Amino acid sequence: MNRRLFKERTLLIALYSLTVFGCLVLAVILATVITRGGPALSGTFLFEEARNFGLEGGILYQIAGTLILMTGAALVCLPVALGSVLFQTEFLHSPPLKKIFRLLIYSLNAVPTIIFGLIGYLFFGVFLEAGVSWVTGVLILAVMILPTLHVSIHEAVESIPDHYREAGLALGLSPGQQMRAVVLPQSLHGIITGTLLGLARAAGETAAIMFTATAFSGVRLPQSWTEPVTTLQTHILVLAQEAANPIALTNAWGAGLVLLTLVFILITATLWIRSGLEMEAER
Amino acid sequence: MNTRSLFPERGPAFWGTGFTALIASGTIFILFVSLVIESVPVFKTQGVSFLWGTDWFAGEAYGALPMIFGSLMVTAIAVVLVFPFALGSAILTSEFLNGRLRLMVKAAMELLAGVPGIIYGLMGIALLTIWVRDVFGLIDGNTLFTAGLLLAVMVLPTVMTLSEDALRAVPGEFRDTALSLGLTRMEMVLKVVVPQALPGLAGAVFLGLGRAMGETIAVMLVIGGIDRIPQPWFNLFASGQSIPSKIGREAAEALGFDLQWSALIALGLVLFVMVMALSLAGNLLLRRAR
Amino acid sequence: MTAHAIQLERVRLSYSGKAVIETASCTVRKNAVTAVVGPSGSGKSTLLRTLCRMNDRIPGFQVEGQVQVLGRDIYDPGINVYDLRKRVGMVFQKPCVFPKSIVENVLFGLRFHATINGKNFSERAEQALRDVFLWDEVKDRLDDPAHTLSQGQQQRLAMARTLAVDPEILLMDEPTSALDPKSSRAIEDLILSLKDKHTIVLVTHNVDQAERVAEDLICVDDKTICHKPCHPLPGEGTC
Amino acid sequence: MTAHAIQLERVRLSYSGKAVIETASCTVRKNAVTAVVGPSGSGKSTLLRTLCRMNDRIPGFQVEGQVQVLGRDIYDPGINVYDLRKRVGMVFQKPCVFPKSIVENVLFGLRFHATINGKNFSERAEQALRDVFLWDEVKDRLDDPAHTLSQGQQQRLAMARTLAVDPEILLMDEPTSALDPKSSRAIEDLILSLKDKHTIVLVTHNVDQAERVAEDLICVDDKTICHKPCHPLPGEGTC
Amino acid sequence: PGGGFHVLAQDSAVIRVAGSTTVLPIVSRAAERFQADHPAIKITVNAGGSGVGVHGAGTRRLDIGLASREITPKENDRYASLHTTVIGRDAVACVVSSEIFRSGVHALSRKQIGDIYLGKITNWRQVGGPDRQIIVIDKETHRGTRHVFMRYLFGKSNARAPGARLVTGSNNEEQAKIAQSDAAIGLLSIAWINDDVVGIGIREGRRVIKPTLENVRSGRFPIARNLNLVTAGEPNDVVGRFVDYMLSPKGQELVQASGYIPIHSPQAVSKVAGSHSK
Ligand SMILES: Nc1ncnc2c1ncn2[C@@H]1O[C@H](COP(=O)(O)OP(=O)(O)OP(=O)(O)O)[C@@H](O)[C@H]1O
Ligand SMILES: Nc1ncnc2c1ncn2[C@@H]1O[C@H](COP(=O)(O)OP(=O)(O)OP(=O)(O)O)[C@@H](O)[C@H]1O
Ligand SMILES: [Mg+2]
Ligand SMILES: [Mg+2]
């Protein structure tokens with residue numbers, strides 16, 4: 001009997017250490033990025049243009065570019081994801097069609113991000129001759145986050161209790177009215193959290209937009225459809241690869257710190273919305 | 001009966017959402033079709049030897065085997081490394097932690113999941129390669145193992161969160177029954193909960209695998225970048241190459257031209273097929289778990 | 001013919017081929033209260049839901065025969081099912097209020113149907129709440145969330161929501177089974193007060209209740225439907 | 001003192017501060033069958049689970065007062081809870097069999113406790129299955145998956161699994177509520193046959209059943225527990 | 001090919017530049033200065049690699065392509081009108097980890113380096129260094145740096161290097177990997193040479209040619225290449241003005257400040273060499 005208790009305790013300690021180790025990874029990442037990138041941070045760093053190959057100035061337009069691509073991707077993707085989810089749940093009743101549609105979305109989820117870059121360049125850059133532009137980037141990222149948004153919105157819509165739907169139907173609402181009155185309000189949290197997660201994913205992506213949407217220098221805010229932007233992700237990569245000066249590397253870590261902060265804000269918002277709603281559901 | 005049961009109501013809402021659904025599926029369709037069409041030339045000139053060739057030199061020969069091997073190897077290493085940590089913390093979180101601590105661990109994992117690949121890449125160059133070299137007494141730290149380790153860290157949160165969901169999906173009655181028979185909590189977890197959740201756990205790992213296989217930037221910076229199968233093949237501490245890393249290194253150069261481009265797209269196709277097979281298996285297992 | 005609000009002829013209802021009701025026929029009179037009774041699982045809810053095509057969404061559900069409601073075969077392809085559901089309202093066993101304010105709940109269906117202006121909306125809301133004897137209880141807290149109401153109040157709110165759309169036929173599935181006796185009585189009174197203007201069909205497990213409020217009785221059992229004399233003695237009369 | 005298998009003194013059970021049972025005391029005799037009755041939601045299951053500390057897992061659950069089982073205060077920090085659960089077995093309302101073979105299910109708990117050899121295991125399994133009158137029904141298919149058994153058989157299998165561990169006290173939560181009358185009777189016979197060797201506490205909604213099998217009656221209602229005389233007339237005796 | 005979204009640089013004030021990462025820092029800085037002088041002109045500069053520069057200029061998707069190698073005959077066939085402007089020179093040195101340099105390996109012959117890259121020499125002992133395995137670092141096959149290096153070693157810009165243990169892409173990556181190691185050999189633009197990553201001399205007979213700026217300028221150091229701006233046809237209009245700026249003393253100053261060798265020297269060479277040994 002004592003042996004069993006001993007075994008129980010040992011295993012529990014092992015589990016704790018495994019978990020603590022996992023969380024330590026997060027701490028190590030945070031600590032590294034903060035200690036290496038922290039010194040770069042200052043008012044000018046956040047609010048000035050990058051100059052002299054990343055040695056001087058800041059990352060204002062990199063931040064702007066990342067935000068443009070993220071919000072653009074979300075704005076393009078959200079209606080498509082939402083619409084196709086609604087079509088799938090409200091109109092698509094035939095089981096084989098449903099299955100095919102779901103398979104398509106799942107397979108999109110399995111596409112490695114670099115492939116989005118390849119095909120995106122081919123399609124927008126070569127086939128449509130749109131070249132390297134922020135619009136291309138927005139479209140590529142929108143396709144890339146489509147499965148993330150689709151899956152979380154789909155889950156939210158599917159989890160609407162049947163009695164809400166039936167209450168709406170029994171009042172004689174048409175499908176369009178039903179969507180507006182019941183489906184959308186009831187799945188709002190899923191729509192928001194899905195979008196935020198998609199945004200976080202878009203913010204972390206480098207490979208797919210490197211040569212399709214961004215330039216390293218000479219760009220500020222795009223004035224036309226065909227101009228590229230510059231982003232934090234690609235700025236970090238180019239500096240890390242090509243800068244001969246250690247100050248530029250510190251600036252790359254600084255940009256990394258800003259990017260990480262941006263992503264963490266999004267994820268924290270997601271967690272917050274979700275936990276708030278869970279509390280409401282428990283009441 | 002037939003048409004009515006397919007699409008019974010056709011208002012503006014139907015056409016609106018139908019249009020977006022068409023856009024979504026059309027995009028996906030175009031993606032796959034161009035993937036296939038663009039990779040045709042390399043299969044035409046090299047045949048299936050593209051898959052078996054071990055020599056890749058731009059402009060001369062395109063053999064994908066070292067990259068396929070590297071991808072599989074790195075992914076396998078990542079899974080072996082991630083499994084104990086993901087499972088351990090999932091078990092602890094779902095079975096032993098109370099509400100608040102549990103939320104904290106989950107939040108930490110969600111944050112970890114959001115760390116951009118480029119940051120892992122920076123950490124990989126600055127810390128991990130040196131650390132691996134010194135700990136294992138190697139002459140160089142840019143190895144398949146390093147890439148696998150980095151990937152393990154990257155997919156840990158995904159696998160952990162999904163595993164935790166799978167464990168929590170096991171009904172409480174099973175736990176009650178096991179406990180009422182006098183089992184200790186650990187015995188209950190290992191003998192009842194984990195076996196019950198096994199399909200779900202496997203599904204979590206498979207989905208994590210898919211993520212790992214597709215990672216580009218971080219792997220590219222630590223794997224060594226050499227298109228060669230190590231000698232002997234199970235030598236983890238040799239440099240190698242993974243498919244996304246290869247694409248990431250050569251895509252810009254090949255951009256839209258020549259056989260090299262076609263070969264890279266074909267690599268992408270191979271990668272997609274591999275990831276798709278894995279995630280289909282994973283989804284199948286997850287669904288059976290529910 | 002049109003003296004009947006509802007007329008079923010040789011109707012068969014089935015889920016994935018398994019019949020719940022086989023070749024049954026019956027009628028429901030206009031502006032009367034008809035109670036549907038029968039053992040659990042006999043198909044009372046299924047029957048009721050069939051009358052406003054709420055079962056359309058359930059895969060595998062099938063209707064054969066003629067279901068005439070308000071003079072038209074409602075399973076005719078040409079029928080406008082949303083209009084039908086507006087004219088045939090249904091209140092479910094478990095009250096379902098939306099996470100909105102009380103008054104928004106009442107106006108929930110109305111907003112999509114009516115073309116009246118803002119002022120009329122609040123009048124209509126008041127009228128509907130008065131109809132279900134809820135006005136006095138909630139008039140000071142119309143903007144409170146609806147889920148702060150008691151179960152019985154929520155049930156009446158759901159009725160008010162349906163009544164606001166002004167349906168000709170009102171279907172109620174065990175409207176009082178979740179309620180205490182006092183609230184039940186309130187709802188029974190309500191039903192009696194409504195029958196001048198509406199045709200009411202209600203499912204109930206409570207034979208006493210059926211006796212109190214209903215003029216006609218429909219008994220569902222053993223896959224058939226039959227009329228029974230009004231006010232039968234409890235336990236009497238096999239179908 | 002030790003004549004009682006279970007003794008509760010001024011016990012208060014609460015979930016997150018909300019009391020289910022307030023300051024209640026009662027005793028359970030050794031080697032007797034005690035039935036626990038009371039309305040739904042009154043805390044019968046909670047009480048039963050408290051007796052083998054099955055509620056430990058539930059966050060917010062709290063026990064105050066003294067719960068003595070087999071002569072020891074089981075909420076004493078020094079107690080070995082796994083040993084306690086071995087001596088106080090519990091069978092749940094919904095039979096829960098593990099996705100293993102029938103014989104492995106019977107031996108499931110035993111394997112962790114006993115230090116006997118392989119041959120003895122199969123003997124113990126047979127004995128436990130005989131005890132619950134299941135042996136003849138399953139002896140030819142011991143290696144079939146357990147979930148191929150009927151509900152009643154699964155319920156008895158769950159009992160066999162608990163009996164195999166040979167607990168001194170057997171707690172059963174509505175063991176027959178999911179069963180047809182015939183199976184119910186089989187289980188009642190089983191309970192009667194077990195009472196020589198075990199102390200049995202069972203929750204039941206069925207007053208007739210309580211009358212048939214129980215010697216003592218404990219009534220849980222309105223946050224209190226009280227003894228009632230054995231074999232009361234149905235409906236009689238308010239707590 | 002043309003049409004679609006294509007915008008000619010002549011009728012807009014946007015110049016699109018991309019290509020070789022070696023040339024990128026120079027042009028990125030020059031573009032900044034040029035834009036400061038000409039606010040109406042906008043120059044976007046991006047990385048990508050020499051191939052991107054050549055193809056981009058050829059297809060006119062770029063106004064200026066950056067290339068740190070010569071245009072191949074194949075590329076010349078495909079895009080008949082390619083025009084290159086040399087804006088500077090870069091030398092590619094054979095570099096080793098500082099530990100190796102300190103242990104006495106200061107120069108290697110062409111044959112020795114070649115054998116190391118072919119995998120015939122695998123230990124530093126064989127060339128007078130410590131008893132340590134050589135970590136041979138190669139570059140991605142399309143890099144201009146590799147082209148000149150391999151042409152010098154084997155006479156063929158796309159020669160194979162079976163002795164390689166690692167393959168890197170950018171100069172930084174290569175620099176970091178050599179600096180982190182204590183037994184590495186690699187090839188690097190001299191702009192990246194520092195105390196951790198030391199350029200060794202090339203032994204020719206009894207002569208040793210060190211990778212210094214003087215030696216490169218004088219043409220004695222054998223492994224050097226041109227840094228090119230590639231345009232479709234003669235650069236004219238705004239593009240022409242920017243190319244002229246690159247060739248002007250101001251532009252050449254930037255070439256020098258980035259660690260490369262100007263075509264038209266704006267300053268004394270010795271000062272440049274001094275400014276880059278940290
Ligand atoms: N969606 C469904 N799919 C298949 N069978 C169903 C479905 N809904 C109900 N049934 C079956 O149809 C039969 C009738 O169900 P229904 O809900 O109409 O019974 P009821 O008379 O309302 O019972 P109760 O009084 O318990 O509410 C039942 O046997 C039930 O199992
Ligand atoms: N985990 C829990 N958390 C909070 N409250 C609970 C929990 N479990 C049960 N309760 C509450 O405690 C009370 C008693 O529940 P219990 O399950 O003991 O009732 P019961 O007498 O077994 O009822 P039944 O006959 O319906 O099974 C109920 O009001 C229930 O809502
Ligand atoms: Mg019903
Ligand atoms: Mg209970």
Side-chain angles (χ1 to χ4, degrees), chain A residues 85-102 153-193 273-283, chain C residues 45 48-49 51-61 80-100 104-114 128 145-148 154-155 157-173:
Chain A
V85 166
L86 290 177
F87 184 75
Q88 193 186 350
T89 55
E90 311 297 304
F91 294 110
L92 205 55
H93 299 307
S94 125
L97 278 182
K98 258 185 156 154
K99 211 169 182 174
I100 290 172
F101 200 81
R102 200 170 40 208
I153 295 176
H154 189 252
E155 240 162 53
V157 171
E158 289 276 270
S159 66
I160 297 175
D162 243 9
H163 55 256
Y164 280 132
R165 286 172 175 283
E166 297 200 330
L169 281 181
L171 292 168
L173 303 191
S174 73
Q177 295 168 335
Q178 175 85 349
M179 280 177 205
R180 248 185 304 150
V182 181
V183 180
L184 288 183
Q186 294 301 314
S187 55
L188 197 61
H189 62 102
I191 296 171
I192 295 175
T193 53
I273 291 173
R274 211 187 293 152
S275 68
L277 282 163
E278 264 166 22
M279 261 180 253
E280 197 153 287
E282 271 167 22
R283 255 192 284 139
Chain C
S45 300
L48 221 59
R49 295 164 64 91
L51 299 179
C52 60
R53 287 187 53 178
M54 282 304 297
N55 276 335
D56 283 12
R57 277 181 55 236
I58 297 177
F61 179 75
N80 180 340
V81 61
Y82 309 113
D83 199 41
L84 166 75
R85 294 202 189 115
K86 200 190 131 197
R87 296 175 66 192
V88 183
M90 179 153 182
V91 180
F92 300 92
Q93 175 172 0
K94 201 176 143 220
C96 162
V97 299
F98 292 101
K100 298 169 181 261
E104 273 309 314
N105 260 286
V106 178
L107 295 175
F108 187 86
L110 194 59
R111 283 209 189 281
F112 290 99
H113 298 299
H147 61 81
T148 57
Q154 287 189 23
Q155 183 68 277
L157 181 62
M159 279 185 204
R161 187 174 57 198
T162 305
L163 284 179
V165 182
D166 200 23
E168 290 159 53
I169 300 179
L170 195 57
L171 311 172
M172 301 192 210
D173 197 351

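None of the values given here were measured: they were computed from a predicted structure.
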Quick one: what part of V88(C) sits under 4.5 Å from any heavy atom of chain A, side chain, backbone, both or neither? backbone
Can you say whether R49(C) sits under 4.5 Å from chain A via the side chain, the backbone, both, or neither, judging by heavy atoms? side chain
Flag the one option from P95(A), P161(A), A170(A) with the top tally of heavy-atom pairs under 4.5 Å to chain C. A170(A)
Heavy atoms only, distances under 4.5 angstrom: which of H163(A), R165(A), E166(A) has the most pairs with chain C? Name it, please. E166(A)
Structural part of F98(C) lying under 4.5 Å from a heavy atom of chain A: both
Give the minimum heavy-atom separation between L169(A) and R85(C), together with the two atoms involved. O-CD, 3.0 Å
Of all the heavy-atom pairs spanning Y164(A) and C96(C), show the shortest one and how long it is. CD2-SG, 3.4 Å
Compare every heavy atom of V165(C) with every heavy atom of L171(A), then report the nearest pair and how far apart it is. CD2-CG2, 3.9 Å
Minimum heavy-atom separation for A181(A) to F108(C), with atom names? CB-CZ, 3.4 Å
Would you compute the distance between atom CG of D83(C) and atom OG of S174(A) and round it to the nearest 0.5 angstrom? 11.5 Å
Working to the nearest 0.5 angstrom, can you tell me the gap between Q177(A) CD and Y82(C) OH? 9.5 Å
